[in-house]
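A quick write-up on the structure given underneath.
Please read these numbers as outputs of a predicted model, since none were measured by experiment.
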Amino acid sequence: MSKQQPVLFSIGWNACINCGACVAICPQEAGFVSPFDTIAVDRPCDIACLLCEAICPVDTITHVPVLQQVAQPALATAPRRTRSAPPKHPGES
């Protein structure tokens, strides 16, 4: 059996009903929870079984591969291209 790629979970907080099903089914260590008593969203899940997504009664848990998540901030912080001043004509200072 091949190892799954680690993922980061995201929860739609407006839809979450805090039922605890995601925490109850999660095979991660006992501390893999958020401050809101859901699965952790602030650190990678290396098991990546996705049972929490499957059991969520309101389908509000999603995930992205860790590598994809790491790449996104780099795009957001890339320097903006600026326009340079138009070239000066000969004889202008």
Side-chain angles (χ1 to χ4, degrees):
M1 184 170 148
S2 65
K3 184 174 173 158
Q4 297 291 329
Q5 179 179 4
V7 298
L8 283 174
F9 290 108
S10 179
I11 296 177
W13 299 113
N14 290 332
C16 179
I17 59 173
N18 294 92
C19 67
C22 56
V23 175
I25 200 167
C26 183
Q28 277 282 15
E29 76 275 3
F32 196 73
V33 295
S34 76
F36 304 103
D37 295 325
T38 64
I39 54 160
V41 294
D42 59 347
R43 61 185 186 270
C45 173
D46 59 347
I47 296 174
C49 65
L50 308 181
L51 290 172
C52 55
E53 285 186 20
I55 201 166
C56 180
V58 291
D59 296 322
T60 196
I61 302 172
T62 58
H63 73 279
V64 294
V66 170
L67 294 177
Q68 181 180 343
Q69 181 68 19
V70 170
Q72 288 176 349
L75 294 174
T77 60
R80 290 183 161 207
R81 295 182 73 188
T82 58
R83 292 186 181 184
S84 58
K88 294 186 177 186
H89 294 287
E92 289 183 2
S93 14

- Query: Got a second to check how far I11's CD1 is from S34's OG, nearest 0.5 Å?
  - Reply: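 I11 atom CD1 to S34 atom OG measures 5.5 Å (nearest 0.5 Å).
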- Separation between SG of C45 and CG of L50, rounded to the nearest 0.5 Å: 7.5 Å
- Task: Answer yes or no: is there a side-chain heavy-atom contact under 4.5 Å between T38 and C16?
- Result: yes
- Query: P65 versus P6: any side-chain heavy-atom pair under 4.5 Å?
  - Reply: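 When only atoms from C-beta onward are counted, P6 and P65 do not touch, as no gap falls below 4.5 Å.
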- Message: Give me the atom names and distance for the closest heavy-atom approach of V7 to V66.
- Response: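 Nearest heavy atoms, V7 then V66: N-CG2, 3.6 Å.
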- Task: For V23 and I39, work out which heavy atoms get closest and say how close.
- Result: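 Between these two residues, the closest heavy atoms are CG2-N, 3.8 Å.
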- Under the ring-ring contact (aromatic ring centres under 6.0 Å, His included) rule, what pairs show up with a residue in residues 28-66, not counting sequence neighbours?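 Matches after skipping sequence neighbours: W13-F36.
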Without placing hydrogens or testing angles, list every side-chain donor-acceptor pair under 3.5 Å for residues 54-62, not counting sequence neighbours.
residue, atom, partner, partner atom, Å
T60, OG1, G12, N, 3.0
T60, OG1, G12, O, 3.0

- Report the residues that fulfil side chain to side chain donor-acceptor pair (under 3.5 Å) with D46, sequence neighbours left out, ordered by chain and then residue number.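 For D46 the side chain to side chain donor-acceptor pair (under 3.5 Å) partners, ignoring immediate neighbours, are Q28.
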